[in-house]
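These notes are about the structure you will find just below.
Letters A, B, ... are given to chains in the order of the sequence lines, protein chains preceding strands, and every chain is numbered from 1.
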Protein chains: 2
Amino acid sequence: MNRALNGEGGPGPRWLSDEEQRVWRAYLHATTLLEDHLDRQLQRDAGMPHIYYGLLVQLAQAPRRRKRMTELAIDAKITRSRLSHAIARLEKNGWVRREDCPSDKRGQNAVLTDEGFGVLERTAPGHVEAVRQVMFDRLTPEQVMQLGEIMQLMAEGLQPQDTGADLPWLR
Amino acid sequence: MNRALNGEGGPGPRWLSDEEQRVWRAYLHATTLLEDHLDRQLQRDAGMPHIYYGLLVQLAQAPRRRKRMTELAIDAKITRSRLSHAIARLEKNGWVRREDCPSDKRGQNAVLTDEGFGVLERTAPGHVEAVRQVMFDRLTPEQVMQLGEIMQLMAEGLQPQDTGADLPWLR
DNA sequence: ACCCCATCCTTGAAAGTTGAACTAAATGGG
DNA sequence: CCCATTTAGTTCAACTTTCAAGGATGGGGT
């Protein structure tokens, strides 16, 4: 990441060009500021961090406002462990409750309560406005499209996948 | 964020269009996957999370490999409190040490040790490679340029600034 | 000199996250 | 039917982050 660290003469790492460094820094700068901004906005207006809010949104969109824990974890891109803690907290708030899964006795459903839905109804407009102010009100429609494509491409390189090393069926 | 939450008839919140929702989700998806990816990569290869690595990079780039705590906190976009804890941890690792600021007895400099610099030398290539694989190897030069501009614009809407409310000189 | 207040940084407790270990239940081949 | 394996979810300990409070120094006005 830093040219000053380059001190050898081999084929060496492919350092970033000045332009690439500039873009990478802009990316880090913007994404961290935005995440901090949304975390504060939601902590203030909804009493929970962004990721917890996202869990409620997922549940609100799910059929019958409920979802299996593992599925929810995958959709929200968090570990099952983290989800366990998060749901425990949301349960204390009365916004979510747990429910045994009828078809699989190991399973749990997280269910959005009416109170939880109410919180979303009250806070979603402010949240959307915050997102809009930072992203969509500042970009041209063309840039929005470009951003969508770029993020799509980056995500494709990050799909939870094997590293390619040490796969049993390759040994 | 969710049309299903819209239940009133007033002027109402400006919900996101389908296209905007798609882009927003792609953004969240890609940025969280990337941050997780880099955190794991660095935790594995360098024994610290991405943000701590960033602190070492800042110090490596600073004159005499040292920086005032507050300045470092601002550059790394974290609170002073968080920085205090982080530097304490890096100090335990022997990668950073604290130094009283000669000109201001309240001040502290964080100084990158030779060991800390060594860690960077060893791990920077792998980190750059990780960044490259996800971002620069997957985007066209034009997309890289577009991303830079977009991130620049978004950051401008997020500069640590007043909310516009309760400014003393407006009362 | 003195006082007031801003700035610099740290601290401690509470909240959140992580990764590994663990329990329970489902699954599938002998 | 049995046992080994896999899957679902929780729990524990270690670590990180946040928030509010606090101690110390600097600086400007009087």
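Looking at heavy atoms from C-beta onward, Arg22(B) lies in side-chain contact with Glu19(B) at the 4.5 angstrom threshold. For the pair Met151(A)/Val23(B), no side-chain contact is recorded, criterion being any heavy-atom separation below 4.5 Å from C-beta on. Side chains of Met135(A) and Glu20(B) form no contact here, defined as non-hydrogen atoms less than 4.5 Å apart.
Summarising the geometry, atom CG belonging to Leu139(A) is positioned 6.5 Å from atom CG belonging to Leu147(A); distances are rounded to the nearest 0.5 Å. Of the inter-residue distances, the one linking Glu129(A) atom CD with Leu16(B) atom CG reads 9.5 Å to the nearest 0.5 angstrom. Atoms CG and CG, from Asp36(A) and Leu158(B) in turn, are 9.5 Å apart once rounded to the nearest 0.5 Å.
With DNA chain C read from its 5' end, the first of the two nearest nucleotides for Gly107(B) and Arg106(A) is the one closest to Gly107(B). Sequence order on DNA chain D of the closest nucleotides to Asp36(A) and His85(A) puts His85(A) first from the 5' end.
In terms of modelled atom types and a separation under 3.5 Å, the side chain of Arg138(A) and the main chain of Leu153(B) share a donor-acceptor contact. With hydrogens and angles disregarded, no donor-acceptor distance shorter than 3.5 Å links the side chain of Gln133(B) to the backbone of Gly157(A).
The distance between atom CZ of Arg40(B) and atom P of dT18(C), rounded to the nearest whole Å, is 8 Å. A straight line from CD1 of Ile87(A) to P of dT17(C) spans 12 Å, rounded to a whole angstrom. In this entry the distance linking CZ of Arg89(A) with C1' of dT17(C) reads 14 Å, nearest Å. Distance, Asp39(A) CG to dG16(C) P: 11 Å, rounded to whole Å. Taking atom OH of residue Tyr53(A) and atom P of nucleotide dG16(C), one finds them 18 Å apart after rounding to whole Å. What separates CG of Leu83(A) from P of dG16(C) is a distance of 14 Å, to the nearest Å. Taking atom CD of Gln108(A) as the reference point, atom P of dT23(C) lies 18 Å away to the nearest angstrom. Distance CZ (Arg80(A)) to C1' (dA24(C)): 14 Å, rounded to an integer number of Å.
Among the heavy atoms of the strands, none lies under 4.0 Å from Arg44(B).
Partners of Tyr27(B) according to the ring pair (Phe, Tyr, Trp, His ring centres under 6.0 Å) rule, which considers only residues two or more places apart in sequence or in another chain, are Trp24(B).
Near DNA chain D, meaning a heavy atom under 4.0 Å away, there are no residues from residues 68-78 of chain B.
On the nucleic acid side, DNA chain D has its first and last nucleotide under 4.0 Å of a heavy atom of chain B at dT16(D) to dG26(D), going 5' to 3'.
Picking from dT18(C), dT11(C), dT10(C) the nucleotide with the shortest atom distance to the side chain of Ser81(B) gives dT11(C).
Judged by distance alone, with hydrogens and angles left aside, Arg82(A) brings no side-chain donor or acceptor close enough to the base of dT18(C) to form a pair under 3.5 Å.
For the OP1/OP2 pair of dT17(C) and a distance below 4.0 Å, the side-chain nitrogens and oxygens of Tyr52(A) include at least one atom meeting the criterion.
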